[in-house]
Amino acid sequence: MNRVTETAHDTLAQLPNRQVFFSALGHRLGEASAEARMLGLLVCRLRNLREVNAELGYEGGDELLAGLAARIGRCLRPVDSLARVGSAEFALILPRLVGAGQVALAANKIVQACRAPIACAGGTVRPRVIVGGALYPDHGSSCESLLRSAELAAAAASESGEAYELYSPQGSVDSLPMLALEGELEAAIETGELELHYQPKLDLGSGRLAGVESLARWTSASLGPVRPDVFVAIAERSGLILPLTMLTLNIALRQCRELAPARGAALPVAVNLSPAVLNNREVGALVARAMRIWDAEPETLTLEVTESAMMADPAASLETLKALRALGVRISIDDFGTGYSSLAYLKTLPVGELKIDKSFVQNMAGDAEDASIVRAVVDLAHNFGLAVVAEGVEDNFTLERLAGLGCEYAQGFHIAKPMPAEALERWMRSTGARP
Ligand code: C2E
Ligand code: CA
Ligand code: CA
């Protein structure tokens, strides 16, 4: 293996970084061009680093990376070189190739070597590694373009479920914007560049502020603002949903702690959990940890789970919901009325609140049928001992109707639109709204 990587076996810190990698690649590209030879570039991405960091701490994650670097190093020829180019990403330069097939052989060897579990932080972890490959001169002639091609190939691998993909200019044209967006979203989550907006929830009995719902906002550098249901779907598809959820939960708990009156309890907040999170066994422990970090009283946290998510995999959902309920937090059934579930089944789940979907509430004033559905849901929920939130309240008539029906909470543009934390603070001050 090349001189710059001789120490890779010892520690992660000694691996060449992105800068050193670029200068080595530049040198090798010059050589390849002069000798009219092919060069291969592999990008090797560890997909479960975040989960390992969350579970075993950064030391565990570093141990895993160092173990992987050592294994990858053992697959290489003396002329090859290895560098760490991102927090969970290695790049490999394979100079002086005699055929394109060599890149696939190297990638395959690496994938095999990385497959076995690695001991770290007192446990064992099974690394999830994907590899993307690109060739000089076919897929790029500069350092940047070649690395970009290899990164797109790695993204294509994560999309296709294959452990290795070679860059293909034709095959990936359609998915290019999506892949780029995935990368952008991943970076945004990593650097915490998501913003949360908060929408007040009114207690119809007392007229006081009951709490807020947190709603994520993201502005992509290339596309501008992206709707939350869209980027949540991208996150679900690309394995980013757990980090995204934990980021939003942590931001929400921190900001609602900051918004509380001095030494008072935190502002109650509801956080949305996506269906994909509900099937994850670690969620209970991760939520418990976030609550400890931000010193959150369980009564001040509500987790909103959609009706269809609860129905998608009832057994797995039940396990996760029980673990969350055991923490003392409130579970709310979101978008109620849009699925086909029976309330009798939902009642067997550890839930405490039901949110009537805005599609029924919005039209209550003008549509007698919607109004009677809302009335029926409120009565039924009360019979099962559940509190009711009506979302999508857009006018005063609806607000008064809901209060008359005995609906406990209301949320909607008529009360306030979702807004950033600073605006919420001003809103609370100017309206005198207090929990
Ligand atoms: P949701 O959980 O049902 O959130 C309520 C949506 O209704 C929000 O849209 C909110 O802005 C909107 N809304 C509130 N009041 C009214 C009203 O009076 N009229 C109308 N027409 N709309 C109203 P938003 O913020 O665009 O979020 C859309 C969806 O994206 C959310 O639906 C939720 O499913 C998802 N989402 C948002 N933030 C997160 C998040 O942090 N995590 C997850 N997993 N999903 C999120
Ligand atoms: Ca919601
Ligand atoms: Ca909803």
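Scored by the salt bridge (Lys or Arg N to Asp or Glu O under 4.0 Å) test, Arg254 finds Glu258 as partners (sequence neighbours excluded). Under the side-chain contact (heavy atoms from CB on, under 4.5 Å) criterion, Ala381 pairs with Leu354, Leu386, Val388, not counting sequence neighbours. Contacts of Arg47 classified as salt bridge (Lys or Arg N to Asp or Glu O under 4.0 Å), with partners at least two apart in sequence or in another chain: none. Looking at residues two or more places apart in sequence or on another chain, you find a side-chain hydrogen bond (donor to acceptor under 3.5 Å, both in side chains) between Ser274 and Glu236. Residues satisfying the salt bridge (Lys or Arg N to Asp or Glu O under 4.0 Å) test with Glu162, not counting sequence neighbours, are none. Qualifying salt bridge (Lys or Arg N to Asp or Glu O under 4.0 Å) partners for Glu165, counting only residues two or more places apart in sequence or in other chains: none. Annotation: side-chain contact (heavy atoms from CB on, under 4.5 Å) contacts of Glu394 (sequence neighbours excluded): Gln362, Phe413. Checked against side-chain contact (heavy atoms from CB on, under 4.5 Å), Cys114 has the following partners two or more places apart in sequence or in another chain: Leu68, Ile72, Ile110, Val129. A search for side-chain contact (heavy atoms from CB on, under 4.5 Å) contacts involving Glu144 returns Phe22, Ser142, not counting sequence neighbours. Annotation: side-chain hydrogen bond (donor to acceptor under 3.5 Å, both in side chains) contacts of Glu63 (sequence neighbours excluded): none.
Remark: Thr245 OG1 to Asn272 CG distance equals 9.5 Å, nearest 0.5 Å. Expressed to the nearest 0.5 Å, how far CZ of Arg434 lies from CG of Leu267 amounts to 9.0 Å. Here Glu282 contributes atom CD and Arg289 contributes atom CZ; the two are 10.5 Å apart, rounded to the nearest 0.5 Å. Note that the CD1 atom of Ile415 and the OG1 atom of Thr431 stand 11.5 Å from one another [nearest 0.5 Å]. Expressed to the nearest 0.5 Å, how far CD of Glu304 lies from CD1 of Ile333 amounts to 11.0 Å. Taking CG from Leu253 and OG1 from Thr300, the interatomic distance works out to 7.0 Å, rounded to the nearest 0.5 Å.
Within a 6.0 Å radius of CD in Glu299, other residues, nucleotides and ligands contribute more than 12 heavy atoms. Around atom OH of Tyr58, no more than 12 heavy atoms belonging to other residues, nucleotides or ligands sit under 6.0 Å away. Within 6.0 Å of CZ on Arg375 lie no more than 12 heavy atoms contributed by other residues, nucleotides or ligands.
Looking at Arg401, its side chain never comes within 3.5 Å of a backbone N or O of Ala365 through a donor-acceptor pair. A donor-acceptor pair under 3.5 Å is absent between the side-chain atoms of Arg429 and the main chain of Gly432, judged by distance alone. Panel note: side chain Arg71, backbone Ala113; a donor-acceptor pair is recorded below 3.5 Å. Formation of a donor-acceptor pair under 3.5 Å by the Asn363 side chain with backbone atoms of Gly366 is not found in this model. Asn108 places no side-chain N or O within 3.5 Å of a backbone atom of Ala104 that could act as its donor or acceptor partner. With Asp395 contributing its side chain and Thr398 its backbone, the two residues share a donor-acceptor pair below 3.5 Å.
Taking all atoms of both residues into account, the shortest heavy-atom contact from Val269 to Cys256 is CB-SG, 3.6 Å. Across Leu146 and Ala134, no two heavy atoms sit closer than the pair O-CB, 3.8 Å. Listed here is the closest heavy atom pair of Ala276 and Ile241: CB-CG2, 3.8 Å. Scanning all heavy atoms of the two residues, the minimum distance from Ser220 to Val226 falls at CB-CG2, 3.9 Å. Minimum heavy-atom separation, Val329 to Arg325: O-NH1, 2.8 Å. The two atoms that bring Cys407 and Leu204 nearest to each other are O-CD1, 3.3 Å, heavy atoms only.
Between Met310 and Leu321 there is a side-chain heavy-atom pair separated by less than 4.5 Å. Side chains of Glu307 and Asp357 form no contact here, defined as non-hydrogen atoms less than 4.5 Å apart. Using a 4.5 Å cut-off on side-chain heavy atoms (C-beta onward), Ser214 and Thr248 make no contact. Residues Arg208 and Pro435 form no side-chain contact, since every pair of their non-hydrogen atoms from C-beta on lies 4.5 Å or further apart. At least one side-chain heavy atom of Ile356 sits less than 4.5 Å from a side-chain heavy atom of Val378. Residues Leu249 and Leu301 meet the side-chain proximity criterion, which asks for heavy atoms closer than 4.5 Å. At a threshold of 4.5 Å between non-hydrogen side-chain atoms, the residues Arg50 and Leu242 do not count as touching. With a 4.5 Å cut-off on side-chain heavy atoms, Pro243 and Glu190 do not count as touching.
For residues 139-159, the set of pairs meeting the ring pair (Phe, Tyr, Trp, His ring centres under 6.0 Å) definition, not counting sequence neighbours, comprises His139-Tyr167. For the side-chain hydrogen bond (donor to acceptor under 3.5 Å, both in side chains) condition, the pairs that include at least one residue of residues 193-202, sequence neighbours left out, are Thr191-Glu193, Tyr198-Gln255, Gln199-Gln411.
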Point to revise | Intermediate values then yes/no, side chain to side chain donor-acceptor pair (under 3.5 Å), Ser238 and Glu186 | key: CA-CA 9 Å; Ser238 50; Glu186 180 168 19; over 6 Å; no

Practice item. Start with the C-alpha distance between Asn279 and Thr320, add both sets of side-chain angles, then the distance that settles side-chain contact (heavy atoms from CB on, under 4.5 Å), and finish with yes or no. Key: CA-CA 7 Å; Asn279 300 333; Thr320 309; 6.0 Å; no

Practice item. Decide yes or no on side-chain contact (heavy atoms from CB on, under 4.5 Å) for Ile93 and Phe21, but give the supporting numbers first. Key: CA-CA 9 Å; Ile93 307 170; Phe21 160 78; 3.6 Å; yes

**Study point:** Audit row: Lys109, Leu76, side-chain contact (heavy atoms from CB on, under 4.5 Å) steps and yes/no
**Key:** CA-CA 9 Å; Lys109 198 168 167 189; Leu76 303 183; over 6 Å; no

Exercise for review: I would like to know whether Leu147 and Arg18 meet side-chain contact (heavy atoms from CB on, under 4.5 Å); could you show each step before the answer?
Suggested key: CA-CA 11 Å; Leu147 182 62; Arg18 205 175 170 92; 3.5 Å; yes

